[in-house]
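Data first, discussion second: the structure below is written as structure tokens.
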Amino acid sequence: MIAGRFALSVGMPTTLSQPTGFRWRPLGELARLESGHTPSRKVDEYWDGEIPWIGIRDATANHGRTIDHTLQNVTQKGIENSSARILPAGTVCLSRTASVGYVVRMGVPMATSQDFVNWVCGPGLSSRYLRYLLVAEQESVRRFSYGTTHQTMYYPEAKALHVCVPERSEQDAIAEILGAFDDKIAVNRKVVETAAELAVSMLAGGNRFVELGAVASLRKATCSPALMGDMAVAHFSLPAFDSGEMPEISNPVEIKSAKFEVEKPSVLISKLNPRFPRVWNLARLPAERAFASTEFLVLEPMSCSTSVLWALLRSPVLSAQLQSQVAGTSGSHQRVKPADVMASQVPDPEQFSPSLLDTVSSLGTLVVDRREESASLVRLRDTLLPRLIAGELRVRDAEREVESVL
């Protein structure tokens, strides 16, 4: 038996306690274990069909979520000529190779690659509850894995998984509480996407262009956060951008290399891989001293708000210009030169009416507000999650905490 942290183990626990109303059960008694497969990529007619097919990138980009769309689709012929199977909506998928421990739930019938173990829940187990349990136990799943080159959770371990769960009604109540957070976060995500698209489109109609250097100044001075003492700092890094566009609050001694110190509202744009644009609106700085990775350029607007500059930098036209600057460079770490970024053409903000610029600024502020709200909701949800799964916090008490913020 290998114990997890809260409510998961490999093998039936003989020494672990079970909270009142909870019981250890073999997961295989509550859900049917299914594998996945990849149709041959050499056969074109197996791909680009109508059947969503979950790969590792879908799981790492949507950890903990219910998904309705995937990066790749397969055809019915691809299913018929492989070991892949179409699994029902509600199936819970756990990545078991390479990137171990990522969890998604199917919102519609889908297939998966062989990188997943999948559970089709029976009537005694809520698929929403199982998703939350596996999210809470992500680090345990990684401990259940082994391998010299890549960590893998093998099928004997998957088949031996046991879970400590309450009755179905309690599972549903817990999933409802945690789902309230996820529903609000999903609404915020949609608001952010819509507001960002609208801000960009409002500045797309200009016909007078100037160099970026005429709109913003480039901050070049760097310093070492490790010399700043032990007071927490806000670190604007590429991983932080990719995981939700909120800075990491870090101990400065943990930041080993020099960074740009951000002293006033700014916009960050990544030099790395411009085909995947990363533009970060720092319209409101955190209470902590702020530092940005040197993979970003720190731009301070000279004649407009940070939100207007942010919308200009998100333009597909600018992205195409930057991609052309690294054409012919091989590898996954293409970079554009700062001088080329500053020489790029952007619409001159002075050609737009003050009311339009005010609207774009308001949209940018809305995006920042909703991201900050979602970050707060994630922190509270992640605090409640393990306590609910472990039976340390009961539904009635959790509901009072949720009512105060939702």
Side-chain angles (χ1 to χ4, degrees), residues 3-10 12-13 15-32 62-68 88-94 101-107 118-141 161-190 244 370 372-406:
R5 295 182 63 193
F6 309 109
L8 187 69
S9 76
V10 174
M12 174 63 84
T15 58
L16 298 180
S17 62
Q18 50 189 26
T20 302
F22 284 63
R23 184 157 67 97
W24 282 101
R25 302 278 301 279
L27 180 53
E29 287 185 2
L30 298 168
R32 185 177 80 249
N62 296 283
H63 178 54
R65 299 178 189 169
T66 296
I67 60 174
D68 297 320
T91 298
V92 179
C93 313
L94 175 68
Y102 289 90
V103 182
V104 292
R105 178 176 174 269
M106 294 182 183
N118 309 299
W119 281 280
V120 181
C121 294
L125 181 61
S126 160
S127 63
R128 296 173 69 205
Y129 184 86
L130 178 60
R131 174 189 54 170
Y132 286 121
L133 188 154
L134 293 175
V135 167
E137 292 281 10
Q138 183 180 44
E139 291 306 315
S140 301
V141 171
L161 288 178
H162 286 62
V163 291
C164 189
V165 295
E167 293 298 321
R168 175 63 190 258
S169 59
E170 184 83 357
Q171 296 173 31
D172 291 337
I174 291 172
E176 189 71 23
I177 289 171
L178 297 171
F181 287 96
D182 288 335
D183 290 344
K184 177 59 175 174
I185 292 167
V187 169
N188 283 349
R189 188 181 305 118
K190 185 62 178 178
R370 290 301 180 99
E372 291 180 351
E373 181 183 53
S374 290
S376 297
L377 293 173
V378 166
R379 286 192 293 270
L380 180 54
R381 181 201 62 195
D382 291 350
T383 298
L384 298 178
L385 172 57
R387 297 172 62 201
L388 286 165
I389 294 297
E392 297 173 357
L393 179 68
R394 295 301 176 167
V395 167
R396 185 173 300 174
D397 297 322
E399 285 175 340
R400 284 196 288 267
E401 294 193 40
V402 172
E403 288 172 359
S404 66
V405 296
L406 291 179

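Keep in mind that the numbers below use all heavy atoms, side chains included, and drop hydrogens, waters and symmetry copies.
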Please indicate whether Glu176 has more than 12 foreign heavy atoms, meaning atoms of other residues, nucleotides or ligands, lying under 6.0 Å from its CD.
no
Set of residues satisfying salt bridge (charged side-chain N to carboxylate O under 4.0 Å, His left out) with respect to Arg25, sequence neighbours excluded
Glu29
Judged by atom type as modelled, is there a donor-acceptor pair below 3.5 Å linking the side chain of Tyr129 to the main-chain atoms of Arg168?
no
When you compare the side chain of Pro88 with that of Met106, does any pair of heavy atoms fall below 4.5 Å?
no
Do Thr66 and Arg128 have a side chain donor and acceptor closer than 3.5 Å?
no
If you take all heavy atoms of Ala7 and Glu137, which pair is closest and at what distance?
N-OE2, 2.6 Å
Once salt bridge (Lys or Arg N to Asp or Glu O under 4.0 Å) is applied, what residue pairs with a partner in residues 377-386 remain, sequence neighbours excluded?
Asp182-Arg381
By side-chain hydrogen bond (donor to acceptor under 3.5 Å, both in side chains), Arg65 pairs with (sequence neighbours left out) Asn62
Under the side chain to side chain contact (heavy atoms under 4.5 Å, CB included) criterion, do Leu130 and Val103 qualify, and how do the steps go?
CA-CA 10 Å; Leu130 178 60; Val103 182; over 6 Å; no
Using residues 388-399 as the side-chain source, report each donor-acceptor pair under 3.5 Å to any protein atom, sequence neighbours left out, with the distance given to one decimal.
from, atom 1, to, atom 2, distance (Å)
Arg394, NH1, Thr20, O, 3.3
Arg394, NH2, Thr20, O, 2.7
Asp397, OD1, Arg400, NH2, 2.3

Without hydrogens or angle criteria, can the side chains of Arg105 and Ser127 be said to hold a donor-acceptor pair below 3.5 Å?
yes
Within the 4.5 Å heavy-atom criterion, are Leu161 and Val10 side-chain neighbours or not?
yes
Who pairs with Tyr102 by ring pair (Phe, Tyr, Trp, His ring centres under 6.0 Å), at least two apart in sequence or on another chain?
His63
Measuring only between side-chain heavy atoms, which start at C-beta, is Trp119 closer than 4.5 Å to Leu125?
no
Would you indicate whether the side-chain heavy atoms of Cys164 and Pro19 approach each other to under 4.5 Å?
yes
Are any non-hydrogen side-chain atoms of Ile174 and Tyr132 less than 4.5 angstrom apart?
no
Look up atom CG in Leu377 and atom CG in Asn188, then write down how far apart they are to the nearest 0.5 Å.
6.5 Å
Nearest 0.5 Å please: distance from the CZ atom of Arg23 over to the CD atom of Gln18.
8.0 Å
Closest non-hydrogen contact found for Phe181 with Val402 is CE1-CG2, 3.5 Å
I'd like to check the side-chain hydrogen bond (donor to acceptor under 3.5 Å, both in side chains) partners of Glu139; sequence neighbours left out, ordered by chain and number.
Arg142
